[in-house]
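Along the sequence shown, residues carry numbers from 1.
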Amino acid sequence: MPRLDAPHLTTFDTWPHTLVLMMVRTSRPSRRLVGAFATLLLAATLLAHPAHAASEPELHVLIDVSGSMKNTDPENLREPALRLLGDLVPEESRVRLDLFGNRISEVLPASLATPETKRAMRAAAAQIRSDEPFTDIPAALEAANRDWSADTSRNIILLSDGKVDISPDEAVNERATTRLRDVVIPALIEAEVQVHTVALSEAADESILTEIAERTGGLALSARSNEDLQRVFLALFEATAPRTGVPLVDNRFRVDESISELTLVVFRETDAEPTRIQIPDGGEIDVETASALADWRWDDSAGRDLITISNPPSGSWRILAAEDPDNRALVITDLKLAMPGLPSRVFPGEAIEGGLLLTNRGEPIVERRLTKDLEAHIDVNDPQETVIESLELNDIGANPDVLGGDSRYDFQLRLEGDSGIYTLEGRASGPTFERVIRRKVALARNPPLAARVVRPHLAARGDNQASDAGNNDGSAGPPAYLIIEQDVALLDPSASRLVAQIDCQTGQSTDIEAVLLEATNRIELPHTDNSDCRVTGTISGETDDGREVSLPLDQPIPAPAPPTEAPADEPADDAPNEVSDTDREGNPLIAALIGLGGLMLLALLGWIWRLVSRRQRRQLIEAARN
């Protein structure tokens, strides 16, 4: 399976989140009014902009053809991988293909993915070679960052086995790498382009490929074997331009009368028997018999079968081969299911808001007579393809649906667990049809924000010391602090906010808000009583590519340490190290020494605290970047 190197994020629909943040950031007495206004605005916006209106995908593909590819890809499996991608992209998307080494060759200009364009892309795959001396990644990205259509979701797929290598002089290469970081990547971010990188060799400079993907909000993948490359391209397709399919259960599926084209992807082991397809009348088709059928096209290269059937007969079909979690049955049909607006990469604990969208000939299905028998749900599969969560969905306005009757089945998810690529599989079915859509989402190793509550537990001895260790309001005990760390390499600190409240078992409640301008933010919490208290709320930030990230906050507040006093019946002579109030008042030298010692102790504690905080911050930032 492909390995995820540095999962990150992409942009998704922001205005519903803006409404939520309006409610969160408004003081509590005003939230009901804002909530009512937000609901009205939500309904008005959905009426003004139908649910099916979404940016179509646009893919600009960059394939490395430098000479080192002779060793990295000796069988030239880039060619069948590109054919796979070309056959799978939906017709409403746009594609472009460039080959690059020390120069850039535009093989296919940006075009709508019509059947003619797909044929051209299959033919263009045959031009992939391995003969250029250098690998000019910055120039390739600049070339791909052109000719975008106005209203598309922009994606670049960059496949390379090398690094920024434009000259035998390493100083020249270092300057080119600096320019990539300081000029090329910011231009991609400004153009709202997500770059998805594929490292096709252990010798590849994965750090720079990962950085390109991280900063633009794309996926960073690697293929450690030639067989992996086919699955990597399938994952990229499902992350950038997924197509409607039909459910595949035990290698069986059903084709209904609305389906005009069927595409099957079947992975097989090296020593497996040739794949066969059982059609509804009971007959069986293999690669040899398919070559004589006008409606069938069968590509059995690179350890997978890519089969396309025009005008497939309706009924029950079966793939006669070993089951594989990456097998697919994709369709061209008027009755489509989509999952728009999802990020490609998310953080642990982050709320993922999305929805399934069912359309017929491009229009939402909203008529009650058509929707009353529809069922929808979504499954979440972990990187091992195990279902870890399953949600029943609705379009009647019941939780989690936002607005009933708009053909959109809303959901909200939070991913927790090991980093890697997760699959969201949405299904919708009615009496005469079934549809499925899959989206790949990568879970990062660490969130860009982390929080903890600390309270220095200073033992107070006597009323005077307790008062000295108290809060500014005179309450006993040292204050509690909320420490929030943020990765300033990923987030814009000027946009980071805290909106929370402190709630105690006694009913005491206090709102708190703060702007988080530093990598480490130390926020003194208001005094609370000694009952169990928690600080809960939301920490939000904004990535360099403009995507807003919101993470939950829920931390207990430790109670202040109780004062410690010597037992009342303890003789003074038994405590020779203690200094009485009388001695303290009567001997200025002793008092001065005690005061100096206290200051030195506080200075030492402060130095240790700063040292630990800096070390934790470095560890957090390094973990997030890895």
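No side-chain heavy atom of N446 sits under 4.5 Å from any side-chain heavy atom of P348. No side-chain heavy atom of M339 sits under 4.5 Å from any side-chain heavy atom of Y409. At a threshold of 4.5 Å between non-hydrogen side-chain atoms, the residues V535 and Q501 do not count as touching. With a 4.5 Å cut-off on side-chain heavy atoms, T197 and L221 do not count as touching. Between D379 and V387, the closest side-chain pair of non-hydrogen atoms falls below 4.5 Å. Taking the side chain as every heavy atom from C-beta outward, I352 and L342 approach each other to under 4.5 Å. Annotation: side chain of L415 is in contact with side chain of V380 (closest heavy-atom distance under 4.5 Å). Side-chain atoms of L498 and E513, non-hydrogen and from C-beta on, never get closer than 4.5 Å to each other.
Shown here are the side chain to side chain donor-acceptor pair (under 3.5 Å) partners of R243, two or more places apart in sequence or in another chain: T263. With sequence neighbours excluded, the residues forming a side chain to side chain contact (heavy atoms under 4.5 Å, CB included) with Q508 are C504, T506, T510, T528, D529, listed by chain and number.
When the shell of 6.0 Å around CD of E92 is examined, it contains more than 12 heavy atoms from other residues, nucleotides or ligands. D492 CG: more than 12 foreign heavy atoms inside a 6.0 Å radius. Q412 CD: more than 12 foreign heavy atoms inside a 6.0 Å radius.
In terms of heavy atoms, D147 sits closest to R96 at OD2-NH1, 3.0 Å. Considering all non-hydrogen atoms of both residues, P364 and S407 come closest at CB-OG, 2.9 Å. Here the shortest heavy-atom pairing between F233 and L159 reads CE1-CD1, 3.4 Å. Across all their heavy atoms, V89 and S93 have their closest contact at CB-OG, 3.7 Å. Closest approach of P90 and A241 over heavy atoms only: CD-O, 3.2 Å. The shortest non-hydrogen separation linking D410 to P400 is O-CG, 3.2 Å.
Side chain of T216 to main chain of I212: a donor-acceptor pair is present (N/O by atom type, distance under 3.5 Å, no hydrogens or angles). Distance alone, capped at 3.5 Å, places no donor-acceptor pair between the D532 side chain and the Q505 backbone. Formation of a donor-acceptor pair under 3.5 Å by the R455 side chain with backbone atoms of P558 is found in this model. At least one donor-acceptor pair under 3.5 Å links the side chain of T244 to the backbone N or O of L337. At least one donor-acceptor pair closer than 3.5 Å links the side chain of T210 to the backbone N or O of E206. N521 places a side-chain N or O within donor-acceptor distance of the main-chain N or O of I484, the cut-off being under 3.5 Å. A donor-acceptor contact shorter than 3.5 Å links the side chain of R414 to the backbone of G349.
A side chain to side chain donor-acceptor pair (under 3.5 Å) with T423 holds for exactly one of K440, E238, R438; it is K440. When the options N145, T152, D151 are evaluated for a side chain to side chain donor-acceptor pair (under 3.5 Å) with W148, the one that passes is N145.
Taken to the nearest 0.5 Å, the CD1 atom of I539 stands 4.5 Å off from the CG atom of L553. Taking CG of L443 as the start and CD of E350 as the end, the distance is 9.5 Å to the nearest 0.5 Å. Annotation: the span from L393 atom CG to R408 atom CZ amounts to 10.5 Å, rounded to 0.5 Å. Note: L403 CG to I396 CD1 = 12.5 Å, rounded to the nearest 0.5 Å. Here the straight-line distance linking atom NE2 of H527 with atom CD1 of I557 works out to 11.0 Å at 0.5 Å rounding. Note that CG of L356 is 5.5 Å distant from CD1 of I378, once rounded to the nearest 0.5 Å.
Defined by atom type and a distance below 3.5 Å, a donor-acceptor pair is missing between the side-chain atoms of N155 and T240. If you check the side chains of S496 and Q486, you find a donor sitting under 3.5 Å from an acceptor.
In summary, E192 and R547 do not engage in a salt bridge, as defined by a charged side-chain N under 4.0 Å from a carboxylate O. Taking a cutoff of 4.0 Å between a charged side-chain nitrogen and a carboxylate oxygen, R522 and E524 do not qualify as a salt bridge. A salt bridge links E485 and R452; the closest N-O separation between the charged side-chain nitrogens and carboxylate oxygens is under 4.0 Å.
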Show your working on salt bridge (Lys or Arg N to Asp or Glu O under 4.0 Å) between E211 and R181 and close with a plain yes or no.
CA-CA 9 Å; E211 181 178 347; R181 290 189 168 107; 2.8 Å; yes
Start with the C-alpha gap between E174 and R179, add the side-chain angles, then the distance that decides, and say whether salt bridge (Lys or Arg N to Asp or Glu O under 4.0 Å) holds.
CA-CA 9 Å; E174 290 178 6; R179 183 174 176 276; over 6 Å; no
Given side chain to side chain contact (heavy atoms under 4.5 Å, CB included), test T359 with I365 step by step and report yes or no.
CA-CA 5 Å; T359 60; I365 300 176; 5.6 Å; no
Could you go through the side chain to side chain contact (heavy atoms under 4.5 Å, CB included) check for L62 and I156 one step at a time?
CA-CA 7 Å; L62 292 171; I156 292 176; 3.9 Å; yes
Applying side chain to side chain contact (heavy atoms under 4.5 Å, CB included), run through I437 and L424 and close with a yes or a no.
CA-CA 8 Å; I437 187 76; L424 307 186; over 6 Å; no
Applying side chain to side chain donor-acceptor pair (under 3.5 Å), run through E58 and H60 and close with a yes or a no.
CA-CA 7 Å; E58 183 165 0; H60 291 185; 3.0 Å; yes
Report the C-alpha distance between L209 and L158 in whole Å, list the side-chain angles of each, state the deciding distance to 0.1 Å, and finish with yes or no for side chain to side chain contact (heavy atoms under 4.5 Å, CB included).
CA-CA 9 Å; L209 294 178; L158 169 64; 4.0 Å; yes
